[in-house]
Amino acid sequence: MIKRLHQDNYYELVYGLTRMIPKGRVCTYGAISDFLALGSPRMVGWALNQSHAYPDIPAHRVVNRKGELSGRNHWNPPSRMAELLMSEGVEIENDCVKNFSSLFWGPQEISE
DNA sequence: TGTTTGACCACGG
DNA sequence: GCCGTGGCCAAAC
């Protein structure tokens, strides 16, 4: 049910979708770009790179398709990303989301 | 203005 | 399963 977020901006879609990721779940760049049908997963990375300007974007819940915290290097202290995830109950091991397949949250779940 | 570079992914070998 | 390749599209240079 993606309600009209400002669809003028590509970023708003990514941000809006990212905000919908439930606590304790994770999503992937590919899933986001695929659901939005907006080009490439790399753009999601670019969009999230700007997400520092938006305080309420849980960008830590977005990982690559392997469940690896690929973007942690862009976090304030890089360890912050894992800490946020762990504080939500997501287990992190070796910079990877443990039990990633089960914790994965696909955008399809909101399109019902 | 053309080239390079990304918080990536799918595919073929 | 790992590795190299190509594609993707917007910013930065």
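A note on names: the letters A, B, ... follow the listed sequences, proteins ahead of strands, and every chain is numbered from 1. Below, each value reflects all heavy atoms present in this structure, side chains not excepted, and no hydrogens, waters or symmetry copies.
Distance, F35(A) CZ to dC9(B) P: 17 Å, rounded to whole Å. As rounded to whole Å, 14 Å separates atom P of dA7(B) from atom NZ of K66(A). In this entry the distance linking OH of Y15(A) with P of dA7(B) reads 14 Å, nearest Å. Atom CZ in F104(A) sits about 13 Å away from atom C1' in dC9(B), given to the nearest Å. Per the geometry, CG belonging to N64(A) stands 16 Å off P belonging to dG6(B), to the nearest Å. Following rounding to the nearest Å, I21(A) (CD1) and dA7(B) (C1') show an atom-to-atom distance of 13 Å. Distance E68(A) CD to dC2(C) C1': 14 Å, rounded to the nearest Å. Counting to the nearest Å, the P atom of dA7(B) and the CG atom of N76(A) are 16 Å from each other.
Counting heavy atoms from C-beta outward, W75(A) and L69(A) have side chains that stay 4.5 Å or more apart. At a threshold of 4.5 Å between non-hydrogen side-chain atoms, the residues V62(A) and T28(A) do not count as touching.
Closest contact between the side chain of S40(A) and the listed nucleotides dC8(C), dA10(C), dC9(B) involves dC8(C). For M43(A), the listed nucleotide lying nearest its side chain is dC9(C); candidates were dC9(B), dA7(B), dC9(C). Across dC9(B), dA11(C), dA7(B), the shortest atom-to-atom separation from the side chain of R65(A) is found for dC9(B). Of the candidates dA7(B), dA10(B), dG6(B), dG6(B) carries the atom nearest the W46(A) side chain, counting heavy atoms from C-beta on.
Remark: the E88(A) side chain and the H60(A) side chain contain an N/O donor-acceptor pair separated by less than 3.5 Å.
For the P atom pair drawn from dC9(C) and dT1(B), the interatomic distance equals 22 Å after rounding to whole Å.
Heavy atoms of N49(A) sit under 4.0 angstrom from at least one base atom. Residue S51(A) is in base contact, counting any heavy-atom pair closer than 4.0 Å across all strands shown. Residue-level contact check: A59(A) touches the bases, meaning some heavy atom is under 4.0 Å from a base atom.
From Q50(A), atom CD reaches atom OH of Y15(A) across 5.5 Å, with rounding to the nearest 0.5 Å.
Between E83(A) and R72(A), no side-chain nitrogen of the basic residue sits less than 4.0 Å from a carboxylate oxygen of the acidic one, so the salt-bridge criterion is not met.
Here Y29(A) does not reach the OP1 or OP2 of dC9(C): none of its side-chain N or O atoms lies under 4.0 Å away.
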